[in-house]
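A quick write-up on the structure given underneath.
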Amino acid sequence: MSKELTKRADNYSEWYNELVVKSQLADHSAVRGCMVIKPYGYALWENMRDQLDKMFKETGHVNAYFPLFVPKSLFEAEETNAEGFAKECAVVTHYRLKADPNNKGKLIVDPEAKLEEELVVRPTSEAIIWNTYKGWIQSYRDLPLLINQWANVVRWEMRTRLFLRTAEFLWQEGHTAHATKEEAIEETIKMVNVYADFVEEYMAVPVIKGVKSASERFAGAEDTYCIEALMQDGKALQAGTSHFLGQNFAKAFDVKFSDKNNKLEYVWATSWGVSTRLIGALIMAHSDDQGLVMPPKIAPLQVVIVPIYKGEESKPVIDEKAHGMMNALKALGIRVKYDDSDNARPGWKFAEYELKGVPIRVAMGMRDLENNVVEVARRDTKEKQTISLDGITDYLKNLLDEIQQNIYNRALTFRNENIREANSFDEMVKLLDEKGGFISAHWDGTAETEEKIKEQTKATIRCIPLDNKQEEGICVFSGKSSRERVLFARAY
RNA sequence: CGGGAUGUAGCGUAGCCCGGUUAUCGCGCCUGGUUUGGGACCAGGAGGUCGCAAGUUCGAAUCUUGCCAUCCCGACCA
């Protein structure tokens with residue numbers, strides 16, 4: 001492994017790519033646009049997944065699993081959704097290979113094994129799920145149906161980037177069915193709140209909750225709620241979405257229920273999802289020139305203990321102290337590792353764990369133990385302190401909380417400093433070019449204006465914030481009247 | 001998918017223009033030893049389909065074509 005990481009300020013994009021690979025989160029694979037999530041990256045995903053899963057269950061949802069393949073006829077049933085995803089679908093057309101008669105040892109697709117109907121590899125699962133729900137829902141007593149699935153999906157993107165946009169990615173998708181419009185909207189908002197709580201509290205990434213404009217809306221949705229985060233290079237990242245689907249899918253798949261008055265009604269739907277893209281958000285929100293900065297609550301490893309041996313006789317003494325500390329920390333539920341590997345010296349280990357973003361490093365040598373202390377280094381501020389071994393476990397536990405809070409506060413300050421009001425188009429362009437970040441500006445509410453602004457500035461409307469104050473003004477582009485500001489940004 | 005660039009050991013690279021002994025160097029790896037408070041040192045050693053495939057040639061890392069992958073700029077993208 002080479003020592004130097006490209007500097008964040010020199011080339012943000014290169015810094016990001018190198019960081020993902022060098023910190024062992026993920027790697028490119030032999031398949032175009034698809035990544036291998038390595039053990040360290042997968043451990044992070046597992047921590048995120050487990051917490052989200054807990055929050056879904058606390059809000060009444062259960063998990064199920066639906067097929068990877070969607071017959072084309074089902075996929076095309078909801079037209080808006082199908083058209084929205086059509087150009088990025090992988091399609092299975094055959095079910096068998098055979099030996100190539102002209103090329104020994106090679107295989108060809110067996111032309112006789114052509115499928116009667118093509119299978120679409122799910123880019124999202126509304127179609128197969130709503131086709132299934134039709135058989136599950138007859139009465140209002142079957143509602144609400146609150147189901148989530150953890151799955152992989154495929155979207156054949158032209159240009160991919162590790163975690164941020166891969167052809168295959170892992171995610172969860174919730175699909176719920178409700179008796180009333182009000183209840184479905186309530187669910188949609190509830191889940192965008194769950195996402196915001198998770199991302200802010202566990203990933204320490206502040207987000208803005210909002211609603212998408214019509215042109216940024218999910219294909220097939222009546223309304224798309226989202227959480228938008230700001231990366232350190234001033235670009236926005238959509239971190240999660242929750243869709244109110246109205247009765248679109250119920251009508252497309254003919255899902256009706258009898259209400260209390262025995263009247264047949266179409267059900268109301270929502271769907272919501274977050275993906276491994278969140279890991280990209282985590283990296284770009286917190287990391288620095290030394291590497292990743294993991295928020296303690298989801299860090300695969302929270303504390304690493306590095307021994308510093310001086311002569312053979314010191315080894316058993318340090319080992320014993322370290323094991324004692326490790327066990328005490330484990331008893332408090334802290335994820336800790338004692339790295340006594342002898343193939344790297346302390347300095348190398350320090351740099352390595354900084355690259356991986358481990359929140360706390362404890363260095364333990366004879367010099368320390370003679371004074372009943374250890375050296376504690378925190379990753380977020382890179383501060384080193386000498387701490388007494390008496391009460392060290394409680395100290396470290398509290399420090400993890402403090403680091404979590406500090407990382408969040410730092411990201412929040414950065415985010416807040418990078419929301420700027422623009423009152424003219426010139427001002428907007430200037431701010432986007434010189435500062436980046438979110439631009440709060442009046443918009444006339446039309447797709448035409450939105451499109452023109454996008455063409456001229458590459459900035460899109462990220463969202464209309466949920467708690468937006470109502471304020472009379474004029475659209476920065478068209479000069480027409482507007483009732484509120486919306487957030488524009490260049491985005492990933 | 002359009003324009004540009006790149007691909008040589010696990011990583012980073014020299015050689016390619018101008019074809020010709022055994023493919024260069026550093027890091028890492030293995031063995032032994034000395035070490036260990038910010039990416040150790042000495043000695044010895046292993047590791048190569050030169051991205052893949054075809055072509056030109058007596059001979060290809062080097063020239064030609066196709067393909068694959070990665071990066072940058074576009075287009076595309078909830």
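Here is how names work: the chains are called A, B, and so on, in the same order as the sequence lines, proteins then strands, and each is numbered from 1.
OP1 or OP2 of C71(B) has not a single side-chain nitrogen or oxygen of R159(A) nearer than 4.0 Å. Side-chain nitrogen and oxygen atoms of K87(A) include at least one within less than 4.0 Å of the OP1 or OP2 phosphate oxygen of C77(B). Residue K349(A) has no polar side-chain atom (N or O) positioned under 4.0 Å from OP1 or OP2 of G37(B).
K22(A) has its NZ atom 13 Å from the C1' atom of G10(B), to the nearest Å. Counting to the nearest Å, the P atom of G37(B) and the CD atom of E370(A) are 16 Å from each other. Distance, E455(A) CD to G74(B) P: 15 Å, rounded to whole Å. Atom CG in N371(A) sits about 18 Å away from atom P in G37(B), given to the nearest Å. Going from atom CZ of R378(A) over to atom P of G38(B) covers 21 Å, rounded to whole Å. The nearest whole Å value for the distance from the CG atom in D368(A) to the C1' atom in U36(B) is 14 Å. Rounded to whole angstrom, the span from the CG atom of D342(A) across to the P atom of G32(B) amounts to 11 Å. Atom-to-atom, CG of N11(A) to C1' of C73(B) comes out at 13 Å; the value is rounded to the nearest Å.
Across all strands, S13(A) comes closer than 4.0 Å only to sugar-phosphate atoms, never to a base (heavy-atom distances). Within the nucleic acid shown, W272(A) has no heavy atom closer than 4.0 Å to any nucleic acid atom. Using a 4.0 Å heavy-atom distance criterion, E14(A) is classed as making no nucleic acid contact. R361(A) comes within contact range of at least one nucleobase, with a heavy-atom separation under 4.0 Å. At the heavy-atom level, E216(A) lies under 4.0 Å from the strands shown only through sugar-phosphate atoms. Among the heavy atoms of the strands lying under 4.0 Å from E354(A) is at least one base atom, whether or not backbone atoms are also near.
A donor-acceptor pair is defined here as one N or O able to donate and one able to accept, closer than 3.5 Å; such a pair exists between the side chain of D368(A) and the backbone of G365(A). The closest donor-acceptor contact from the side chain of E484(A) to the backbone of V486(A) lies at 3.5 Å or more, if one exists at all.
Here the CE-CZ distance, from M284(A) to R8(A), works out to 12.5 Å after rounding to the nearest 0.5 Å. A distance of 11.0 Å separates CG in L145(A) from NE2 in H175(A), rounded to the nearest 0.5 Å.
Judged by distance alone with a 3.5 Å cut-off, a donor-acceptor contact links the side chain of K384(A) to the base of G38(B). For R345(A) and G37(B), a side-chain-to-base donor-acceptor distance below 3.5 Å is absent, hydrogens and geometry of angles not being considered.
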Pairs under 3.5 Å (N/O, protein and nucleotides 67-69 of chain B):
residue, atom, partner, partner atom, Å
A69(B), OP2, R32(A), NH1, 2.7

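Taking the six-membered ring where the residue is Trp, the centroids of F75(A) and F69(A) are separated by 6.0 Å or more. Aromatic ring centres of W272(A) and F56(A) lie closer together than 6.0 Å.
In this structure, K452(A) is not positioned above the aromatic face of F477(A) in the sense of NZ or CZ being under 6.0 Å from the six-membered ring centre and within 45° of the axis.
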- request: Convert the base pairs of RNA chain B into dot-bracket notation, remembering that pairs crossing earlier ones are written with [ ] and that bases paired across to another strand are shown as |; include only Watson-Crick or G-U pairs under 3.5 Å.
  value: ((((((((.[[[..)....(....]]].((((((.....)))))).....[[[[[..)....]]]]])))))))....
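Heavy-atom distances to RNA chain B give each of R462(A) and K310(A) a nearest nucleotide, and the one nearer the 5′ end belongs to K310(A). For the pair S215(A) and M364(A), both in contact range of RNA chain B, the more 5′-proximal nearest nucleotide belongs to M364(A).
Under the 30°/60° scheme for interplanar angles, the aromatic rings of Y133(A) and W130(A) are found to stand perpendicular. The aromatic rings of W171(A) and F169(A) sit perpendicular, their planes meeting at an angle over 60°, well past the 30° parallel limit.
Across the C1' atoms, C67(B) and G7(B) are found 14 Å apart, a figure rounded to whole Å. Using atom C1' as the reference point in both G59(B) and G45(B), the two lie 33 Å apart (nearest Å). The same atom, C1', is picked in C63(B) and in C18(B); the two are 11 Å apart, to the nearest Å.
Of the options F85(A), Y225(A), F249(A), a ring pair (Phe, Tyr, Trp, His ring centres under 6.0 Å) to F218(A) is made by F85(A) and by none of the others.
Scanning all heavy atoms of the two residues, the minimum distance from Q290(A) to K382(A) falls at OE1-CE, 3.0 Å.
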